[in-house]
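Every number for a ligand or one of its atoms is a count from 1 in the order of the listing.
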Amino acid sequence: MILGLETSCDETAAAVVSEAGEIVTNVVASQAALHARFGGVVPEVASRRHLELISPVIREALDGHEVDAIAVTVNPGLIGALLVGVSAAKAFAWAKRLPLIPVNHLHGHVASLYLQPLDLQPPFTCLLASGGHTMLLDVQDRGSYRVLGTTLDDAAGEAFDKGARLLGLGYPGGREIDLLARQGDPTACEFPVARVPGLDFSFSGLKTALLYRVRDLTPGELEARKADLAASYQRAIVRALVERVEATGAERVAVVGGVAANSELRAALPGAALAPLPLCTDNAAMIASAARYTEAVPYPGYLSLDARPTA
Ligand code: KG4
Ligand code: ZN
């Protein structure tokens, strides 16, 4: 049994996962409501909230279960937020004389596909689209991957969040746009799909295009056209993602990360293996899952282990 911890952004999460990849418990305390009034995650506020939540969240996830190892996200993410999880993991592992498994958050997202009942076997090409990253990965085995393409500017989730903010919707914006888009016409407005060479992505031009559209509207016009704008904007993001996936020519495709929860994206890739909805956004079950394919650091060698903001 592995206890996983995840605190890289604004979810305080702990989960217990078995060696076979069964989720025993999966607790996610989202801080989204706390950051909503700022329109995005405030790093210092996130760190302080993680500190308040980490012990009760771990207690709830453990729920009387005995564990054999502690897995924790060590990178990439907000450094202060990561440090709360890493410090808690060290303290817990050290007190129980257990090994500690340092996990990369992006590897965690991919490993959301390795949990039961999906239990996806490589090889496959993986689209990882979240609030912080947008990448195409070549996955040949469960322990590693090769980056085929990445975003040159904003991540897809960031494009959703910034777009939602321009439209006066709440944070996090992806879900808000997803819901509003269902009432709008996706062909109402033309948005540019960036043409960058190779398998890379670019979303900053799209965001600017929406900014100009919104700026030219009166408040009344914006209200009347909001759903159409949301639907057209979402269509442009989804089209950019799907085009790049298709450009790889891959037969076996998987999609993970917060944006994988998007209903239009899911419908646009009917043949793909999709991360289960509750495992798309940040959680600790995926971290414990990745830990099964990562080398553990035996007691007490991990006390000098550090969190890192970069991938
Ligand atoms: O993976 P995640 O929880 O955190 C990061 O690692 O960044 O992804 C969060 C991102 C946010 O940008 C959020 O707006 C987006 O995922 N998201 C969605 C949807 N649900 C969450 N984007 C589009 N449609 C959704 N339904
Ligand atoms: Zn994430």
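Counting atoms of ligand 1 from 1 in the listed order, those under 4.0 Å from a heavy atom of His109 are 1 (O), 6 (O). Residue Gly157 has at least one heavy-atom neighbour below 4.0 Å for each of these atoms of ligand 1: 12 (O). For ligand 1, the atoms sitting less than 4.0 Å from at least one non-hydrogen atom of Ser130 are 1 (O), 5 (C), 6 (O), 7 (O), 8 (O), numbered in the order shown with element in parentheses.
For the pairing with Ser112, the side chain to side chain contact (heavy atoms under 4.5 Å, CB included) check across Leu128, Leu279, Leu120 returns one residue only, Leu279.
Comparing Gly174, Cys280, Ala13 by heavy-atom distance to atom 22 (N) of ligand 1, the nearest is Gly174. Nearest residue to atom 23 (C) of ligand 1 from Leu265, Leu279, Asp178, Asn262 is Asn262 (criterion: closest heavy atom). Relative to atom 9 (C) of ligand 1, the option among Gly131, Ala164, Ala260 with the closest non-hydrogen atom is Gly131.
Asp141 and Ser144 are linked by a side-chain donor-acceptor pair at a separation below 3.5 angstrom, with hydrogens and angles left out of the test. Side-chain contact check for Asp154 and Ser204: no donor-acceptor pair (N or O, by modelled atom type) lies under 3.5 Å.
Residue contacts with ligand 1 for His105 involve side-chain atoms from C-beta outward but no N, CA, C or O (heavy atoms, distance under 4.0 Å).
Given atom 11 (C) of ligand 1, the protein heavy atom at minimum distance is Asp161 OD2, 3.5 Å. Looking at atom 15 (C) of ligand 1, its nearest protein heavy atom turns out to be Gly258 C, 4.0 Å. Protein heavy atom at the shortest distance from atom 2 (P) of ligand 1 is Asp282 OD1, 3.3 Å.
Side-chain contact check for Leu106 versus Tyr145: some heavy-atom pair is nearer than 4.5 Å. You'll find the side chain of Ile101 stays beyond 4.5 Å of the side chain of Val297, heavy atoms only. For the pair Ser263/Arg182, a side-chain contact is recorded, criterion being any heavy-atom separation below 4.5 Å from C-beta on.
The environment of CZ in Arg175 is sparse: at most 12 heavy-atom neighbours from other residues, nucleotides or ligands sit within 6.0 Å. Other residues, nucleotides and ligands place no more than 12 heavy atoms under 6.0 Å from the CZ atom of Arg146.
Residue contact annotation: His133 places no N/O/S atom under 2.8 Å from the Zn ion (ligand 2). The Zn ion (ligand 2) has no N, O or S atom of Cys9 inside 2.8 Å of it.
Within Asp282, the N, O or S atom at minimum distance from the Zn ion (ligand 2) carries the name OD1.
Here Asp228 does not pair with Arg235 in a salt bridge; the nearest charged N to carboxylate O distance is not below 4.0 Å. Ion pair Arg195/Glu243 flagged as a salt bridge, since at least one NZ, NE, NH1 or NH2 atom sits closer than 4.0 Å to an Asp/Glu carboxylate oxygen.
In this structure, Gln234 falls outside the shell of residues with a heavy atom less than 4.0 angstrom from ligand 1.
Taking distance alone, with nitrogen or oxygen atoms compared against 3.5 Å, Phe160 stays at or beyond that limit from ligand 1. Close N/O approach between Gly132 and ligand 1 is found [any backbone or side-chain N/O within under 3.5 Å].
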